[in-house]
J.: 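Have a look at the structure that comes next, please.
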Amino acid sequence: MKETLQKIREEAVARIQASKSPEALNDVRVSVLGKKGELTALLKSMKDVAPEERPAFGQLVNDTRAEIERVLEDAKKHMDQIILEMKLKTEVIDVTLPAKKNQVGHRHPNTIALEEVERIFIGMGYEVIEGPEVEYDLYNFEKLNIPANHPAKDEQDTFYINKEIVLRTQTSPVQARTMEKGKLPIRMISPGRVFRSDEVDATHSPSFHQIEGLVIDKNITFADLKGTLEEFAKELFGEQTKTKFRPHHFPFTEPSAEVDVSCFKCGGKGCRFCKGSGWIEILGCGMVHPHVLEMCGIDPEEYTGFAFGVGLERIALLKYEIDDMRLLYENDIRFLRQF
Ligand code: DAH
């Protein structure tokens with residue numbers, strides 16, 4: 001019996017020392033100390049031991065059990081320590097690494113410019129109104145004094161859905177739509193996307209944006225138009241900005257003008273930015289043509305008004321000194337991030 005105990009102990013210790021994982025240690029525990037383990041089996045055979053030897057034998061079995069438990073416990077502690085050290089080594093967190101930044105987007109230069117323009121006109125009491133991008137020829141051309149076969153139609157060659165429906169070439173149709181509603185007076189701007197069958201280059205795109213403006217009231221004169229647009233230019237480009245009204249022709253306004261602002265880069269002396277002229281063209285405008293008023297149900301004897309149209313990209317390009325319109329559409333984040 002004694003030899004058997006001795007053997008169990010030696011084998012157990014050897015197995016414990018050879019164990020390479022907590023699972024292997026547990027296997028030893030089960031097979032030696034468990035309910036069906038070797039030592040337990042030995043205790044069960046106590047009945048074969050002479051009664052007088054039983055206490056001493058019992059003691060010996062218990063000592064052996066205690067001894068094996070102690071070796072197991074030590075081995076377990078040692079193993080846990082090694083596992084912990086390995087974990088510490090492999091799961092190192094470098095607290096000096098820079099944190100991962102959350103990439104938050106921001107407004108597109110077009111949007112920034114548009115919000116600036118809206119802010120200026122809302123400050124002067126204007127409403128912001130939207131109109132459809134797919135528009136009737138009637139509103140895009142006819143009601144703006146551009147009848148079929150008018151040469152201005154060629155200039156704004158566009159995408160036709162069918163004979164009556166076009167992708168709008170300008171935001172001006174929103175003028176006709178607003179006047180037709182019959183609510184007077186009108187003070188509105190209407191920003192939006194427009195389309196022309198233009199080739200893409202540094203200053204052209206088949207799809208771009210305009211901001212239309214319209215004021216209709218009693219006793220509106222060209223002086224109101226000038227004052228309003230001068231104020232607009234100053235707010236947008238700075239207090240020192242001068243404005244110049246050049247006679248021009250638009251079918252839906254009479255008289256019509258194009259507006260230049262003094263170059264905010266050189267102050268009007270002439271530079272590369274303004275191509276040496278000291279002036280930069282920013283918009284078209286005029287007094288709403290009496291025939292247009294009539295076609296939209298407004299009595300030109302009672303009401304007058306002015307209108308203007310600004311290219312949004314043009315404002316964004318000027319304001320941020322971008323020299324190629326294509327950059328606004330390519331959505332290269334490295335470019336967009338700058339604004
Ligand atoms: N719609 C014109 C264009 O696309 C711009 C324009 C000029 C709008 C004069 C107006 C205006 O309202 O009065 O070229």
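Here the structure is a predicted model, which is why all the values come from computation and not from measurement. Order of listing sets the numbers, starting from 1, for every ligand and every atom in it.
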J.: Considering heavy atoms of the protein only, find what lies nearest to atom 13 (O) of ligand 1 and give residue, atom and distance to 0.1 Å.
T.: A307 O, 3.2 Å

J.: Taking the basic N atoms (NZ, or NE/NH1/NH2) and the acidic carboxylate oxygens, is any pair closer than 4.0 Å for K242 and D260?
T.: no

J.: Just to be sure I read this right, does ligand 1 sit under 4.0 Å from the backbone of E258, its side chain, both, or neither, counting only heavy atoms?
T.: neither

J.: Are the charged groups of E115 and R107 less than 4.0 angstrom apart, N to O?
T.: yes

J.: Mind checking the CD1-CD spacing from I216 to E302? Nearest 0.5 Å is all I need.
T.: 12.0 Å

J.: What's the shortest distance from atom 5 (C) of ligand 1 to any protein heavy atom, and which residue and atom give it?
T.: G309 CA, 4.1 Å

J.: Ignoring angles and geometry beyond distance, decide whether G213 reaches within less than 3.5 Å of ligand 1 through its nitrogen or oxygen atoms.
T.: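 So ligand 1 has no N or O lying under 3.5 Å from an N or O of G213.
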
J.: What is the closest protein heavy atom to atom 12 (O) of ligand 1, and at what distance does it sit?
T.: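 The closest heavy atom on the protein side is E212 OE2, 2.5 Å.
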
J.: Taking only heavy atoms of G286, which atoms of ligand 1 are found under 4.0 Å from at least one of them?
T.: 13 (O)

J.: Sequence neighbours left out, what passes ring-ring contact (aromatic ring centres under 6.0 Å, His included) with F222? Give chain and number order.
T.: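 Per chain and number, F222 pairs via ring-ring contact (aromatic ring centres under 6.0 Å, His included) with no residue.
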
J.: Considering distance alone, does some N or O of C285 sit under 3.5 Å from an N or O of ligand 1?
T.: no

J.: State the atoms of ligand 1, each with its element, that fall below the 4.0 Å cut-off from a heavy-atom position in T253.
T.: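 Those of ligand 1 that fall under 4.0 Å from T253 are 13 (O).
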
J.: Looking only at side chains, do N219 and T304 share a donor and an acceptor under 3.5 Å apart?
T.: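 No pair is found: no donor N or O on one side chain lies under 3.5 Å from an acceptor on the other.
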
J.: If we only consider heavy atoms of H248, is any one of them less than 4.0 Å away from an atom in ligand 1?
T.: no

J.: Number the atoms of ligand 1 from 1 as they appear, then name those within less than 4.0 Å of a heavy atom of Q210, with their elements.
T.: 3 (C), 4 (O)

J.: Could you verify whether a donor N or O on one side chain and an acceptor N or O on the other, from Y136 and E142, lie under 3.5 Å apart?
T.: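 No, no side-chain donor-acceptor pair sits under 3.5 Å.
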
J.: Mind checking whether S172 contacts ligand 1 via backbone (N, CA, C, O), side chain (CB onward), both or neither, at a 4.0 Å heavy-atom cut-off?
T.: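 Side chain only.
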
J.: Please confirm whether Q170 comes within less than 3.5 Å of ligand 1 when only nitrogen or oxygen atoms on both sides are compared.
T.: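 Looking only at distances, the answer is yes, because the N/O contact criterion of under 3.5 Å is met.
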
J.: What atoms of ligand 1 come within less than 4.0 Å of a heavy atom belonging to F250?
T.: 7 (C), 9 (C)

J.: With heavy atoms only and a cut-off of under 4.0 Å, state how F252 meets ligand 1: side chain, backbone, both or neither.
T.: side chain

J.: Cut-off 3.5 Å, no hydrogens considered: what does the side-chain donor-acceptor table look like for residues 205-215, sequence neighbours left out?
T.:
residue	atom	partner	partner atom	Å
S205	OG	S207	N	3.1
S205	OG	S207	O	2.7
S207	OG	R193	NH1	3.0
H209	ND1	E313	OE2	2.7
Q210	OE1	T171	N	2.9
Q210	OE1	T171	OG1	3.4
E212	OE1	T171	OG1	2.8
E212	OE1	S172	N	3.2
E212	OE1	S172	OG	3.3
E212	OE2	S172	OG	2.9
E212	OE2	Q175	NE2	2.5

J.: For E130 and P191, work out which heavy atoms get closest and say how close.
T.: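 Shortest heavy-atom separation between E130 and P191 comes out as CG-O, 4.4 Å.
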
J.: So, are E258 and K244 salt-bridged, with charged N and O less than 4.0 Å apart?
T.: no

